[in-house]
Amino acid sequence: MTNTDNPPAADSVPSSSPAAGAVIGLDIGGTKTRGVRFEDGTPVADESVGSSNVQNVSREEAARNLEELFARIGGGAVAQVYAGAGGIDTDDDAAALAALIAPLVPGARITVVHDSRLLLAAGGASTGVAVIAGTGSAAWGRNSLGEEARAGGWGYLLGDEGSGYWLGREAVRHSLRRMNQGHEPDELTTALLASCGVADPNKLIALFHSPETGRRYWAERGRLVVDAADAGHAASRGLVDQAGRDLAALAEQAVRKLGIDGPVILGSGLGMNVPRLQESFRAALAAAGITDVRVLAQDPVFGVLQLVAEQG
């Protein structure tokens, strides 16, 4: 975690309450950046723009998206900005993102953390393990001694098991295997070809490696697997179930390292909105003896107020 404490302007000094005044919470994912402005603890503005995560977009695009977001919600004096983002693995990562934010909120205190911390706080827990299942995947947790543990979160080239990207890539692999075996396109392949605007599975190979597509593009195709699974497609059901098991394995690794029983809180786009994945996730953890498992009921960005209060 990195704090950037610039001396606040006289009209933006926080009162005795950490959440007093204007606080902006940011949830920076691989696909979008969501910002919520809180005034004395009450959300008064909620906007989203493209990703400002420099692991997914250029630094220039990240800066433009942040500038657009703050133009919508960041006017006037801001006491604090608390940002959670994927890929924040070192102090240098946090400092680089803080440097993009700082010019937009002169005088504000800026804190940058891994986005899994937002998720745990949004689940109302100060200790436990948070599991991100969105464009990417990761688990992060903390115990009562303040010890932390991470599992996964290595990015799409090394991991991101159970994520939207993983599902999208597996849809492509499924379609190519069927092609190699001489089978006609099935429901999942047909939906994938239509979504990608190509007529033949063989064209998916060049498209997948094209600079015109990338992590976000294929993560968005993960929804096709979920839809096919809901419609009864057996292979898609297997992929969604495997995603739940893979995410559970990340959670179990963090739980064991921390020496806790839970809670385990599942969140982000896939985690909060795909019941079949949730069922697989719960079942895998139950088999490992971990039963305090929760699905996040509010978006992670709303965990910012608890984190600001804990920060003091």
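One is the number of the first residue; the rest follow in order along the sequence.
Evaluation of the side chain to side chain donor-acceptor pair (under 3.5 Å) test over residues 124-135, restricted to residues two or more places apart or in two chains, returns T31-T135. Counting only residues at least two apart or on different chains, the ring-ring contact (aromatic ring centres under 6.0 Å, His included) pairs with a member in residues 144-168 are Y156-Y165. For the ring-ring contact (aromatic ring centres under 6.0 Å, His included) condition, no pair includes a residue of residues 105-124, sequence neighbours left out. Among pairs with a residue in residues 196-218, those fulfilling ring-ring contact (aromatic ring centres under 6.0 Å, His included) read F208-W218, at least two apart in sequence or across chains. Listed by first and then second residue, the ring-ring contact (aromatic ring centres under 6.0 Å, His included) pairs that reach into residues 223-275 are H174-H233, sequence neighbours excluded.
Heavy-atom contacts from other residues, nucleotides or ligands closer than 6.0 Å to CD of E184 number 12 or fewer. For CD of E68, the number of neighbouring non-hydrogen atoms (other residues, nucleotides, ligands) closer than 6.0 Å is greater than 12. Crowding of N273 atom CG: a count of heavy atoms from other residues, nucleotides or ligands under 6.0 Å exceeding 12.
Under the side-chain contact (heavy atoms from CB on, under 4.5 Å) criterion, A63 pairs with L100, sequence neighbours left out. Under the side-chain contact (heavy atoms from CB on, under 4.5 Å) criterion, S48 pairs with K32, R34, sequence neighbours left out. Contacts of R245 classified as side-chain contact (heavy atoms from CB on, under 4.5 Å), with partners at least two apart in sequence or in another chain: D241, Q242, S280, A284. Remark: N143 pairs with L145, E147, L258, I260 by the side-chain contact (heavy atoms from CB on, under 4.5 Å) rule, at least two apart or across chains. With sequence neighbours excluded, no residue satisfies side-chain hydrogen bond (donor to acceptor under 3.5 Å, both in side chains) with N53.
In this model, no donor atom of one side chain and acceptor atom of the other lie less than 3.5 Å apart for S163 and S137.
A heavy-atom distance below 4.5 Å is found between the side chains of I101 and F70. Using a 4.5 Å heavy-atom threshold, the side chains of V113 and Y82 count as touching. Looking at heavy atoms from C-beta onward, L285 lies in side-chain contact with V264 at the 4.5 angstrom threshold. Residues R64 and V49 fail the side-chain proximity criterion, which asks for heavy atoms closer than 4.5 Å. Using a 4.5 Å cut-off on side-chain heavy atoms (C-beta onward), D46 and V301 make no contact.
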Using residues 193-203 as the side-chain source, report each donor-acceptor pair under 3.5 Å to any protein atom, sequence neighbours left out, with the distance given to one decimal.
unit_1	atom_1	unit_2	atom_2	d
S195	OG	R221	NE	3.1
S195	OG	R221	NH2	3.4
D200	OD1	N202	N	2.7

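By the 4.0 Å N-to-carboxylate-O rule, R216 lies too far from E220 to be salt-bridged with it. Look at E170 and R173 and you find a salt bridge, because one of the NZ, NE, NH1 or NH2 atoms lies within 4.0 Å of a carboxylate O, short of that distance.
Grouping Ile, Leu, Val, Met, Phe, Trp and Tyr by side-chain contacts under 4.5 Å, direct or through others, puts L296 with L119, L120, I132, W140, I265, M272.
Once rounded to the nearest 0.5 Å, the distance linking CG of L104 with CD1 of I73 reads 10.5 Å. Considering CG of L66 and CG of L97, their distance stands at 6.5 Å, rounded to 0.5 Å.
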